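Okay, structure first, notes after.
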Amino acid sequence: MTHTEITILNYTVNADVYARYGADFDAEAVNDEILRILNAEAPAGVTIERNGKVLAEDSAIETARTFDWASLLKRIDLDTILAKHGR
């Protein structure tokens with residue numbers, strides 16, 4: 001089975017966001033949880049890799065291309081994730 005690259009998602013939290021909260025977080029754990037959520041919500045046959053690449057199996061290419069990735073990213077509750085991964 002082949003996998004086709006659809007797009008690249010910038011899902012990682014940048015340092016400016018952490019600075020606004022004024023606390024120390026386990027950035028790797030935060031990004032891992034966001035990635036887990038993205039993969040759980042992605043259409044069947046679509047995988048988001050750690051580097052942000054969205055890969056689709058042959059049967060899911062069109063679905064992945066038309067999927068609203070920006071909306072999915074906006075639905076992630078970053079406050080809750082950060083609260084779980086503070087140091």
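All residue numbers refer to positions in the sequence shown, counting from 1. Owing to the predicted nature of the structure, the values given are computational and were not obtained by experimental measurement.
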Self-check item: Pairing residues for T66 by the side-chain hydrogen bond (donor to acceptor under 3.5 Å, both in side chains) criterion, not counting sequence neighbours
Solution: none
Exercise. Locate the shortest heavy-atom distance separating F67 from P43; write the atom from each residue and the value.
Key: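 F67 and P43 have their closest heavy atoms at CD1-CG, 3.4 Å.
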Practice problem: Write down the atom of A60, the atom of A44, and the distance for their closest heavy-atom approach. | Solution: CB-O, 3.4 Å
Practice problem: List the steps and the verdict of side chain to side chain contact (heavy atoms under 4.5 Å, CB included) for I34 and L78. | Solution: CA-CA 8 Å; I34 292 170; L78 184 58; 4.1 Å; yes
Just verifying a value: how many Å separate [X] [atom1] and [Y] [atom2], rounded to the nearest 0.5 Å?
X: E41; Y: I48; atom1: CD; atom2: CD1; value: 10.0 Å
X: E49; Y: L9; atom1: CD; atom2: CG; value: 11.5 Å
X: K74; Y: D68; atom1: NZ; atom2: CG; value: 8.0 Å
X: I76; Y: I37; atom1: CD1; atom2: CD1; value: 5.5 Å

Exercise. Kindly determine whether L82 and Y18 satisfy side chain to side chain contact (heavy atoms under 4.5 Å, CB included), including the steps that lead there.
Key: CA-CA 9 Å; L82 290 174; Y18 293 123; 3.5 Å; yes
Quiz item: Please walk me through it: do N31 and T12 pass side-chain hydrogen bond (donor to acceptor under 3.5 Å, both in side chains)?
Solution: CA-CA 5 Å; N31 291 332; T12 57; 5.0 Å; no
Practice problem: Among residues two or more places apart or on two chains, list those pairs meeting salt bridge (charged side-chain N to carboxylate O under 4.0 Å, His left out) that have a residue in residues 5-32. | Solution: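 Matches after skipping sequence neighbours: E5-K53, D26-R87, D32-R50.
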Quiz item: Is the backbone N or O of I8 less than 3.5 Å from a side-chain atom of W69, with the two atoms forming a donor-acceptor pair by type?
Solution: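 No; zero donor-acceptor contacts below 3.5 Å.
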Quiz prompt | Any donor-acceptor pair under 3.5 Å from N14 side chain to V17 backbone | solution = yes
Practice problem: Return the set of residues passing ring pair (Phe, Tyr, Trp, His ring centres under 6.0 Å) with Y11 (not counting sequence neighbours), or none when no residue passes. | Solution: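 With neighbours one apart ignored, the set is empty.
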Practice problem: With V54 as reference, evaluate T4, V46, T47, L38 under the side-chain contact (heavy atoms from CB on, under 4.5 Å) test and give the passing residue. | Solution: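 Of the listed options, the one satisfying the test is V46.
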Quiz item: Mind checking whether L73 and L55 sit in one hydrophobic cluster, side chains of I, L, V, M, F, W, Y counted as touching below 4.5 Å?
Solution: no
